[in-house]
Every structure is written in C-alpha cells, then in structure tokens.
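What follows is a single structure, written as structure tokens, with notes after it.
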Amino acid sequence: MNDKLQAWMEKLKSATNFFTHKGTVKGARITYQVFWNLFLLLMTVVILGGAFATGVGAGYFASLVKDEPVRSYDSMKKDIYNYTETSDLYFSENVYLGKLRTDLEREEIKLDQVSDHLVKAVIATEDEYFYKHKGVVPKAVFRALFQEVTNSAVQTGGSTLTQQLIKNQILTNEVSFSRKANEILLALRLEKFFSKKEILEAYLNVSTFGRNSSGRNIGGVQAAATGIFGVNAKELSLPQAAFIAGLPQSPFGYTPFTREGAVKNNLEPGLTRMKTVLKRMYDGGYIDQKQYAEASSYDITKDFIGPKDNPTEKYPYLTVEIEQRAIDVLIKVLAKKDGYSEKDLKEDDNLFYTYKTLASQNLRQNGYEIHTTINKDIYDAMQVVKDNYAAYGPDKPEEKLDEETGETITIMEPVEVGAMLIENKTGKIISFVGGRDHKRQQQNHATNAIRQNGSTMKPLLVYAPAIDLGVASPGTVFPDVALRLAPGLNRPWPLNYSLTYNGLVSMRYALTWSYNVPAVKLYKDILSHRPAEYLEKMGFTSLTEGDFVQPATSIGSMDNGVTVEENTNAYTTFANEGKFIDAYLIDKIVDKSGEIVYQHKVEPVDVFKPQTAFLTLDMMRDVMTKGTAAGVNSQLKFKSDWAAKTGTGNDFYDSWVVATNPSVTFGIWMGYDTQKSLDRNSYSRRTNNLTALLLNAAYDINPDLVDPEEEFKMPSGIVKRSYCAVSGLLPSAACSKAGLVESDYFNVADVPTKVDDSLIAGNYVQIGDKKYLALDSTPAEFSKQGLILNPDFIERMVGKNFNNASQLIPKRARWASILVPDAKMTENGKRPDSVMLIASGATLNWSPSNDNDVIGYRVYKGSSRVASIVNGSQLTYTATDGSYYVTAVDIAGNESAPSNRIDIGNATAPETTTVTE
C-alpha cells in the first residue's frame, strides 16, 4: 500500500514539474494569447455583421412603413372601437329608414359578459403568448417570414390577436411585406395605448364567425353565440365555446349553416376544428383531462338552433342598394380627396379595390347620414301591389347544383319582376320593385339584372337616331314583308310576334304595333352612323362591340343586355327634350358633424335634338292609346299625356313596358331568372296589368307627381304635312285618287320634297277576294280600273330579288284597289269548257267552269247578250220569257261554246243586257 502511494506521489511531482517548467509556461502563454486574439476578432466580426444586418433590416423595415402615418391614441381608438357606429339611412324628405345593412350581424359586448371558456379557448387557439408579448412574437414573425421567403409548404402564420385586430380594423387584406410591416408597427403602438383586456374585447367583437341559423353573416362572439346556439356569450358551455373559438380561422368553411339557413350536410370540418381547439386548451392547461374528454365526445350538433326571422330587414332590396351606391359614391369622394380621378380608378384595379375597402370601412365606422331619393309611401305602396299580384304566371322547374352535396336538384322557379319610377327633370329614383322575394333571390331585378330589352330598344336605337340623322320621319314608309335581313341566314328574318306581315306601313304605324322588319331594315340603313353611340350617351353600360354592328341589336337582342334602371332612364331623354339626365338614388351624404360629404349634381347630356325627342314621343303616344300598350292605358285611373313602348325578348324570355309622361318615367320587366319562355298567350296582358296597378298605386300617393297637368310641348321647327301612305313622299294625283293620303308631323328640315311615283293606272279583274291584272284582250265588262305599284318603286323598297310583291299590299279596306305587277292570272291557251244550264222556275243556274282562268260568264237570250256575271259571284240569273244559253269567258277574252238552251215562258219576249258581280 505504501509502495503504491509513493509511486503516485512521484507521478504527481513529475506532472507538477512539467507545468511549472519555464518552457511549458511560456508556450501556454503564447497559445492563450493567440486564441484570445482570434476570439476577439471573431466577436468583432459578429458584432459588426450583426450591426450591419440590423441596420439593413431596420432600413428596409423603415422603407416599408414610411408612408404609414403616426397614429394618435384617439385615431387608433376610433378605428379599433368604432365598429358599431354604422350609418343612418333616410328616405326622401328626411324620413328615417334605419341603420345601414351590414354584411355582418354584430352585437357589441363587454369582456366581462363573455364566457371564461370562450376567452381561454380563443387565447389557446389564436395567441398562446397573448399575455406575454408586446403586440408581436418575434420568433413567430421570423418563422412566418422564413416560410414565405422559402415558399414553404407549411404556413404556420405569425399574427398575434393584436395584429389580427390591426388587420381587420385599420389595414386592408392586401398580401405584401409593406402591409405586414405596417401591421407590426401598429400592433406595437396599439399595445402601448391599450390594455390586454381592451384589445381582447375589441378582437372578440370584431372577428367574423361565419353564418347564423338564418344564413346571415355574423361578427362578434355575442352574435355568434345567439345566432348559432341561441344563448348569450356568457352562457356558452365548454364545447360551444370551443366550436365558436375555432370559427375565425375559416368562418365559412367551418360554419354549420348554408346561406339559406339550413344545416350543412358536411359538418366534419367544423367539428374537427372544435376538437383541435379543445386539444390546445388541454395542452395549455386551461382544462383538465376529464373536461377535455367530455367536451370532445359531446354532440354539439344538437345545440344548433333553427332559422329565425329578421324583423329589422323590412326593406332588403332597398337597404342593399343604398349601401352599394353609397360605397360607389364614397370611392370617388375619397379618391378625389387624395388626388385620384375616376379615370385613375378605372385603369388601376388595385387602386379601385383599395378605395372600395376604405369606402366600406368609412361607411360602417363614420356614422354618416345617407339621404336618398326614395319616396317611402310610394315605395311601400308598390311593394304591397307586387306582393298581392296574383297573375305573374306559372312557376317552372329549374335544375341547379346543390352547393353542399354537389348533386343536381330541381327547384320551381317563379316569374320575377323588376320595376322603376324616375322623375324626369332631376333623375331622382322615386321608387322601384327589386323582386318578389329577397329571401329566395337577392338579385335586384330593377338595378342589377341584365336582360334583353326587346322592342323597347326600337325608339332608342332605331327610330329616334334615324329621325335625328334626317333619314326618316314618322310618315316614312317601310315594307313589313318577308325580307332576309340577317347576314348568312337563308330564310326570312326577322319575324313579327304575330308571325304575319303587314305590307307597306309608316314608321308611326310600325312603332305602334311593334313590327320588327321595318325596324331592322331602317337600322341597317343607318348602321354606318354607329347609332349604338346614342345608347352610350343614355347610360347603357353593358354594350359590346358586337352590339354596335349586329342587326339584331335593333330589336333588343344584345350580347349582354340592359337593366330596368338603364332602360327606363334612357326613356327620360325623350321627356327631357333630348337631354339625358342620369338617374340617381343617393341624394347626399352628411357626416356626424353635419358637413356635407357628398351632394348629387344634375349634369344633363345632349343626346337628341328637341324635335327628334318630340316626334318620337308623339309616335309613342299611339302605342299607349291604341297600340300594344293600350291595355295599360285602359286600366289607369288617371289620363296623363303618356308615351310608351312595349317589348318582348327572344323566345318570350322577357316582357317589358316603358312609359313616360312630362313628369315621370316608369319601366317594368317580367321574366324568369334563367331563360325560360313566358306564357305567350298571356304574358303581355300580365305585364300590362301589373304596370297599371303599380302606376295607380303611385298616383294614389302623389297624384301631382304621377299625373302632371302639362303635356309634352311641341318645340319650334315641327310642321304637319300630307304624304302618300304608299311611298311616304308628297301625294300624287294617283295617290289622292286612291284615298291613300295621310298627314303627320315632320322636322321642318326633313319634309319630303319629291312627289310620289309609286302608283300607275291599270285594269284588273277580281275573282272572289283575289285580284289579277287584266290583259289587253280582257273584256271590259269583267274588269275594273285601279292602281298598280310601280315596279321601280317595288325595287326601291325590297330589292330586285324579292319575289312576293303582293305582300306589300296591306290587308286593309282602303288598299283594296291597289295591285302589284305580278298579280297575274295564267291563261291556259284554250277556250273554256262549256257549262251546263238548268232552270228552276224563272231562275237560271249553271255549273262553274273547270278552267282556272275563267273570269266570268255571259248570259244570252236568243242571240243577244243580256247579262255578264263575274266569276266568284252567284252563278244565277232571273230570266224573263225567252230562249237562253250561257258561255264562260277567260281572262284572254276567249269564250266557250254555248251551253244547252233553256226556254222560259214566251220565247219571243224583248231582250235587255245586265252585268252582275
């Protein structure tokens, strides 16, 4: 044992001698100095590099937030807490309507009124370091930044509750480093000004939570609690709190309800999210194992409540429309304040959407007064009429895709309606009907539904422009015949509603009865002038280049279509002596201090000459008094100076009436939301009847507005002149003789100067109701003198290749003596066959000839002709004593062999000659 100890002591002494040896000590000192210097150099590099990186990062961060203003406490408080200060809405005359409709139903609540379960669930799920950080969590920010830069498939996010509050209430949802930098800056500032309790309270009131049981969007935990479970936020159970706390991550993905208020078929995403929240609460120590297990296994679906009525939305179509238009107005106001023009907004989508977001925020946060043009009493009366009208027509089946199941289902689709009443001189929208049931269909059929406007297009695009261009007048004559006016279509087009043609008609008559061929033919004549530019001036916003060149546009078949508001508004141009005044609904916007933020200004646009407007109105008066809108006029309880036009869309998809008087213009559309034909036997009557009921309702409320005493005034430069109804030119002697002279109004600059040359004299024969040109050899006793359409005139009207000129002759009594050159009977080249004569007492009867060119019969007594009977009349003759026979005569004058002879009484009686038709 002593030997081992002594050996160990020797080794220790040897080691001590090594470390105390001068050489060893000197070497160690040198090594230490080298490593120390290297360490100092490395630290210097790290510190300088870190300082440089920090400086670069700070500089970049500063550049990102340089445009963000330094917000004061008051400013941030207003932005964060002003979420319930929505704007007030007003009818005209300062009549209060109510609070602005919001995309989210929200009910403000204090933090101490919220279930502790919900507070903990939100903290555990959305921001586990909420009570520790100062607005941001650096490592979370760097992690999110790294994932963004590396385009990582896993995106964990880096926003605290404070940052989310900033994003929701102050900033936009733009995805950019600049927005994120501003968010961080503002979050840090917010934490300086406000306590954690205040921030959490604001977050719980601001966040969105999907839909409630009525299908409406909800924001804030109180609206979520009552809208999903039917309890106050304070009363939420642990499972209910976990379900609600999970919703903000994907409100409409996890929400249990559809837009219609039904429970979704697939609730799994929301239920899975609820369990995730519970797990995080358990991991965070907010609940114990037993609570976690019980809540995870709880059937939350049995707590979902059924749909509830919303008593506050009495005016759904109106409040939505006011909101949309107020935002549109504020976009321009805010942009102009910042130096941007409307052109800038149209050309830059990002700029537009930035100001749209700001406008929407201002509308909900600034407590504006939104004053509208809507007359409450008229609006209410129109809704009552719309709701009580029982003759819309049948519902029709429509297949649609179920959003929840992806399966095709069949629903019954009703006839919809959109209507609007506009004051002419100001453009004020007095009232409208947006649809039959907002719960079923939210689209506003008066302001947003784009439809084909049928024949209501004709005055706007064809007749008024043609008058304005000096191409046509009310007395201009057009052929309503089977023309082929569609390029590439090898059949007659267009057709009329009646599927018949009406011959030569004046522009006034064609408009009165809404004939299509004259409108399309005239439109093609003026197409080089691009008449659709008139529509642009009158506020049509959905025109395509095709609408400028396609013939079908003239009868309302557009690539897109037009809204009821635009179509009705365009007709006010005629009542305003050719000036278009844009319709408007927002009269003014006033802020909380009483300052007017916006005031509408009337800015007329010159469209037509006053003479054009009057002539078009005067033609449309006939539509209302005796044409296609006469069914409206007959049911009105007042007789104003109305001018109107009806319209039918392609395949009877749309039905229209637009009517204007010196004070107001009314327009209505009826049809199915998806393209289906209306009942063609009754659709126009249904539309006319509803038109009359709505106008009568408005009249009952304000007769002075709807039934003005004044009439449309005739401007200077209008004269009344006679014209020939065949050609539209100055009457000729032949036209006067035929009784075809009419008179109408003209712009004094466009009165016809040429004399009618459409008629030439000639003889004809008539068999029954058919007329044929007489030949030179046609016996005079069977022919009459009449008038024939000049072949040169026919060519001017319908071209060289039209082969049915008889269509040009209207089927009206005064045109009975007018023939066309091709009204010829073919002569068969032989003598007619003889006929068989019989007697019944003193009455002679004979059978008709079998030849189709026979024009009449001659009755002979002895050897003398005593009567000529025109073919097509009764083949009888009352005879006196004598010996008789009959012959048939054809159009060439050929006479058949005598019939058999018959003796009546004394065969030597004297003879007389008669001609019978």
Side-chain angles (χ1 to χ4, degrees), residues 109-133 137 139-140 143 154-165 196-197 199-201 203-213 218-257 263-305:
I109 193 171
K110 296 297 182 181
L111 188 61
D112 57 11
Q113 297 174 313
V114 178
S115 164
D116 188 52
H117 289 311
L118 182 56
V119 172
K120 292 175 179 178
V122 170
I123 298 297
T125 307
E126 296 293 331
D127 190 352
E128 59 181 317
Y129 301 110
F130 177 69
Y131 290 110
K132 298 178 182 179
H133 63 66
V137 177
K139 69 176 183 179
R143 182 178 65 245
V154 178
Q155 298 285 328
T156 58
S159 294
T160 63
L161 289 183
T162 312
Q163 289 174 265
Q164 293 180 48
L165 186 60
K196 291 292 185 179
K197 178 182 176 181
I199 293 172
L200 182 58
E201 181 177 288
Y203 175 85
L204 293 175
N205 279 298
V206 165
S207 296
T208 56
F209 293 89
R211 303 186 189 97
N212 62 18
S213 63
I218 49 177
V221 293
Q222 176 66 5
T226 58
I228 297 174
F229 299 115
V231 299
N232 290 319
K234 187 71 172 177
E235 301 164 348
L236 290 169
S237 66
L238 175 57
Q240 292 171 342
F243 188 90
I244 288 177
L247 292 173
Q249 185 188 65
S250 179
F252 299 103
Y254 298 147
T255 183
F257 300 112
V263 176
K264 286 182 177 179
N265 293 327
N266 181 16
L267 295 171
E268 192 58 34
L271 299 179
T272 301
R273 177 64 175 168
M274 180 190 80
K275 292 178 181 179
T276 299
V277 174
L278 290 170
K279 181 65 166 59
R280 290 182 179 176
M281 292 180 73
Y282 173 67
D283 291 342
Y286 294 107
I287 57 176
D288 58 29
Q289 175 64 40
K290 180 181 178 182
Q291 289 175 304
Y292 172 58
E294 291 177 350
S296 296
S297 61
Y298 184 78
D299 182 10
I300 194 69
T301 61
K302 68 181 183 181
D303 290 351
F304 297 152
I305 62 173

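Along the sequence shown, residues carry numbers from 1. What's counted below: heavy atoms across the whole structure, side chains too, no hydrogens, waters or symmetry copies.
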Applying side-chain contact (heavy atoms from CB on, under 4.5 Å) to Leu267 and Ile300, what does each step give before you reach the verdict? CA-CA 10 Å; Leu267 295 171; Ile300 194 69; over 6 Å; no
Dump the intermediate steps for side-chain contact (heavy atoms from CB on, under 4.5 Å) on Leu278 and Leu238, then the final yes or no. CA-CA 9 Å; Leu278 290 170; Leu238 175 57; 4.0 Å; yes
Applying side-chain contact (heavy atoms from CB on, under 4.5 Å), run through Ile199 and Phe130 and close with a yes or a no. CA-CA 10 Å; Ile199 293 172; Phe130 177 69; 4.1 Å; yes
Set out, in order, the CA-CA distance, both residues' side-chain angles and the distance that settles side-chain contact (heavy atoms from CB on, under 4.5 Å) for Lys197 and Leu200, then state yes or no. CA-CA 5 Å; Lys197 178 182 176 181; Leu200 182 58; 5.9 Å; no
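Put simply, the side chain of Gln164 does not reach to within 4.5 Å of the side chain of Asp127, judged on heavy atoms. Between Phe229 and Leu236 the shortest side-chain heavy-atom distance falls below 4.5 Å. Residues Leu118 and Gln240 fail the side-chain proximity criterion, which asks for heavy atoms closer than 4.5 Å.
Distance alone, capped at 3.5 Å, places no donor-acceptor pair between the Glu126 side chain and the Leu161 backbone. Under the 3.5 Å distance criterion, the side-chain polar atoms of Asn232 are left unmatched by any main-chain donor or acceptor of Ala225. The backbone N or O of Phe257 lies less than 3.5 Å from a partner atom in the side chain of Arg211, making a donor-acceptor pair. The main-chain N or O of Lys290 is found under 3.5 Å from a side-chain atom of Asp288 such that the two form a donor-acceptor pair. Under the 3.5 Å distance criterion, the side-chain polar atoms of Gln222 are matched with a main-chain donor or acceptor of Ala233.
Taking the six-membered ring for Trp, Phe243 and Tyr298 have ring centres at least 6.0 Å apart.
The line from CD1 of Ile287 to NZ of Lys279 is 10.0 Å long, rounded to the nearest 0.5 Å. Here the CG atom belonging to Asn212 is positioned 8.0 Å from the CD1 atom belonging to Ile228, to the nearest 0.5 angstrom. Thr125 contributes atom OG1, which lies 7.5 Å from atom CE of Met281 (distance to the nearest 0.5 angstrom). A distance of 5.0 Å separates OG1 of Thr162 from NZ of Lys196, quoted to the nearest 0.5 Å. Separating the CZ atom in Phe209 from the CG atom in Leu204 is a distance of 6.5 Å, to the nearest 0.5 Å. Atoms CG and OH, from Leu165 and Tyr203 in turn, are 9.0 Å apart once rounded to the nearest 0.5 Å.
A 6.0 Å sphere centred on CZ of Phe304 holds more than 12 heavy atoms belonging to other residues, nucleotides or ligands. Residue-environment remark: NZ (Lys234) exceeds the threshold of 12 foreign heavy atoms within 6.0 Å.
The residue from Gln249, Arg273, Glu268 that alone fulfils the side-chain hydrogen bond (donor to acceptor under 3.5 Å, both in side chains) condition with Tyr254 is Gln249.
Met274 and Ala295 get closest at one heavy-atom pair: CE-O, 4.1 Å.
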